[in-house]
Structures are given as structure tokens and as C-alpha cells.
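What follows is a short report on a single structure.
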Amino acid sequence: MTDHDHRGALPLEPLTAFLDAHGLGSGPVAAVPIGEGHSNLTFLLRRRSLRLVLRRPPLGPLAPSAHDVLREARLLRALRPAGVRVPEVLAVGDDPALIGAPFYVMPFLDGHVLTATAPPALAGASRAAAIGEQLVDALVELHAVDATREPLAGFGRPAGYLERQLRRFGTLLTEHASRRLTDLELVAERLRQTLPTSGPATVVHGDYRLGNAMLAAGPGPVRVSAILDWELATVGDPLADLGYLTAMWAQTNDLEDPMLALGSLTRMPGFATREELAARYAERSGRDVGGLGWYQALAVWKAAIFLEVSYGRYLAGATTDPYFAGLGEGVPRLARRARALIEQTAVA
């Protein structure tokens, strides 16, 4: 993010007044962008010794219903009392006029978000195995929360979740794609033709992967301390989360492709295979994962469409993030992967 983009995304004078009004520190505010920064924007705020984290939507025109940080904040406030590993929401700025968009503020959590490398405290085969186990266990905990009771009741519509996913992302593809992507169109039709019957609905994260989990710092046992980035969350079929986690999980025999695996760390010795992750989830949750291939195809198809929308924003000049420049070739690669997955499912 350039300095110009940074200033446009986070004007500090009104933000300082907001933090003062909510009793969140004192003195001048310094802000720096953190995280991958390809969707909702995340900033580290410093006020003397206090560290906070702010989330807001990206700059530029947005697709309808995308990047709803107020909904995200409401969900976090509902999940935390239920024991789900989420950050605490300290304050919500629901007036877009304040900084140019809605936002919310959380405490800064000391931990590790892993992508290409692991810190010494998390290195080694035994720690690698525990990372996969913790990711699955945290997901099982999320899916065990009763989504029919307050304050989660009404957060989403449990019935017809998969059908709505196909409609919603199909519409995004039709209305926001920058080009014709026939593989994605074919996958959409195959997904509709082979739609599975969902079991009981749960809260679904929507982007559950290693890069959206924070691992606790320190020498103690490996533990996922927080699940991050809830903007795609809803209520629906829990296997959609497992499908996404496993579809985006790299393992040793995969071809190197940064578009297919969001981080190459899990290729290292000791990390679980996709099959091992699925087996642990089945054991811990009691759910049948025999049809997981369909959900993996759905996951890659959705990821390709989501990134195609972002690529359109890049072409329109709405973002200068260099990550998006690679999507010209990256999205078609994802589309081919989604087609291969759904075709394998049909054979099986």
C-alpha cells in the first residue's frame, strides 16, 4: 500500500477523536497496514504503549454485500461468549463519514500468522503436526456452536446455503468478471448438477485457512489463539469450511502454484496431508466427509471468482496492490484446478 493509499484509507484526526471517545488510549495515533491486505484492510494502531488493530473495507467501488465489516463485528461479538477463538471487539465505527468507511477496533494479539515460513518456536515436524491438528480442532469448535440460538439466531439463512452460494458467486462472475472464463462457467453447471444434501447448518467462516489463524506466541503447546478475517462468514453447510481448508492446503506432491495454496509452508516435513486433516475433522465432529471433493471444487471455484472481482478492481485502477497484477494468469489457473476437482468428483 502506498503512502497516499494509506492516508486515504485511514485519516488519523477523526480516528483519534473516536478512540478518545471510547477510552482507547491517549496521545497521538500511529497507523501501519498489516496482514496480506488484499481484501478488507487491517491496520496496527499505536498510542504510546497501547496497540490496537482496526479493520475497514478496501478503497474503491465494492460489489454489493461485500466487505461488510459491521456484520463481521456483530458476529465476533456473538461468537466470543460461545468459546470460539475470536478477537474481542472493543469499539465499532458505524458512521462511514468518520474515516470514509465503517470500521471496528480490536486489541492487538501477540502471536504468529504463518505463510511461507515458521518462527523457531513453531519449527520442527512435531510442531508442524500440531498446527494442523489445532486448525481442525478450532474449526470443529466453531461448527459445534448452536447457530439457532441468540445472539446468532437470524445471522444467516440455514436452508439453501449451497444453492445461494452458487447463485451469488455465479452472479459475481457474470456481472464483475473482466473476461470470459469458460472453465468457471462449466464448473458452475457441474456444481449445480451434483449438489449434495446438506446436514444441520452451522456458522461457516467462509475463508478458513492457515493464513487466517493466529498461533499463540511463546514456548508452550501449539495453539490457535484466534481465527481472523470473518467477512465471508454466514450460517450454512460446515463442510464448505473443511472443503476450503483442504483445497487450499499445500502438500509435498503438489505442483508449485501460489494461486492454489495460500502459503507453501505446509509442504514442509511434519505437516498433515489433506486426507489427514479431513480424517481428524470427521473423527472430532462426527460428520461424514465422504463427499468432500464437491466442496473442494466449490472452494476453488469461489476463490477464483472472488479474485477475478479483485482483478477487475485492479484493472479499473481502484487498487495498486501488486498482488492483483498476477491474477491475469492466476485466476485461469484456479479455474482449471476447480474444473479438475469437479471432474474427479464426477468420476468418483
Side-chain angles (χ1 to χ4, degrees), residues 1-63 65-80 84-115 205-207 209 211-217 224-233 310 313 318-321 323-324:
M1 181 177 292
T2 67
D3 290 341
H4 176 74
D5 287 337
H6 180 182
R7 289 194 298 270
L10 204 63
L12 295 183
E13 185 174 342
L15 176 60
T16 301
F18 174 87
L19 296 176
D20 287 343
H22 287 81
L24 297 174
S26 62
V29 177
V32 293
I34 56 174
E36 295 172 339
H38 305 315
S39 188
N40 280 339
L41 304 181
T42 306
F43 293 86
L44 171 62
L45 310 180
R46 293 182 181 268
R47 301 196 82 182
R48 298 195 173 113
S49 62
L50 180 66
R51 291 187 294 176
L52 303 166
V53 172
L54 180 146
R55 290 263 290 171
R56 60 145 292 165
L59 299 171
L62 305 176
S65 78
H67 311 291
D68 188 345
V69 296
L70 298 182
R71 182 175 181 273
E72 187 176 328
R74 289 194 300 271
L75 177 62
L76 294 181
R77 283 179 162 169
L79 290 177
R80 187 172 171 83
V84 178
R85 308 181 203 187
V86 296
E88 180 184 4
V89 175
L90 299 174
V92 175
D94 55 9
D95 181 0
L98 189 65
I99 67 166
F103 64 95
Y104 67 92
V105 179
M106 305 171 283
F108 176 82
L109 301 177
D110 188 14
H112 305 289
V113 177
L114 305 184
T115 52
H205 180 276
D207 192 14
R209 55 185 173 87
N212 278 336
M214 176 171 284
L215 292 151
V224 170
S225 57
I227 305 169
L228 310 174
D229 293 356
W230 291 83
E231 65 178 284
L232 299 180
S310 297
R313 294 180 59 244
T319 176
T320 58
D321 188 335
Y323 171 82
F324 294 128

Gap separating the CD atom of E72 from the CG atom of L228, nearest 0.5 angstrom: 9.5 Å
Would you check if the side chain of H22 reaches a backbone N or O of V105 as a donor-acceptor pair within less than 3.5 Å? no
Side chain to side chain, V32 and L45, heavy atoms closer than 4.5 Å: no
Could you pull out all residues at least two apart from L232 that satisfy side-chain contact (heavy atoms from CB on, under 4.5 Å)? D207, F306
Shortest non-hydrogen separation from G211 to V113 and the atoms involved: O-CG1, 3.2 Å
So, do L76 and W230 sit near enough that their side-chain heavy atoms are less than 4.5 Å apart? yes
CA sep, side-chain torsions, deciding dist, call: L50, L52, side chain to side chain contact (heavy atoms under 4.5 Å, CB included): CA-CA 7 Å; L50 180 66; L52 303 166; 3.9 Å; yes
Is any side-chain heavy atom of E88 closer than 4.5 Å to a side-chain heavy atom of R80? yes
At what distance, to the nearest 0.5 angstrom, does CD1 of I99 lie from CG of L12? 9.5 Å
What I'd like to find out is whether the side chain of E231 reaches to under 4.5 Å of the side chain of R55, using heavy atoms alone. yes
Kindly say whether M214 contributes a backbone atom to a donor-acceptor pair with the side chain of S225 at under 3.5 angstrom? yes
If you define the side chain from C-beta out and look only at heavy atoms, does anything of P87 sit under 4.5 Å from L109? yes
Can a donor-acceptor pair be found, under 3.5 Å and without considering hydrogens, that links the side chain of H205 to the backbone of N212? no
Smallest heavy-atom separation, V53 atom then I34 atom, equals CG2-CD1, 4.3 Å
Which donor-acceptor pairs under 3.5 Å do the side chains of residues 90-97 make with protein atoms, sequence neighbours left out?
residue: D95; atom: OD1; partner: A97; partner atom: N; Å: 3.0

For F103, which of L15, L70, N40, L41 qualifies under side-chain contact (heavy atoms from CB on, under 4.5 Å)? L15
Within residues 44-54 or reaching into it, pairs that qualify as side-chain hydrogen bond (donor to acceptor under 3.5 Å, both in side chains) - sequence neighbours excluded: D20-R47, S26-R48
Which residues satisfy the salt bridge (charged side-chain N to carboxylate O under 4.0 Å, His left out) test with R71, sequence neighbours excluded? none
Tell me every residue that passes side-chain contact (heavy atoms from CB on, under 4.5 Å) with A217, counting only those two or more places apart in sequence or in another chain. D110, H112
Residues passing the ring pair (Phe, Tyr, Trp, His ring centres under 6.0 Å) test with Y104, sequence neighbours excluded, are none
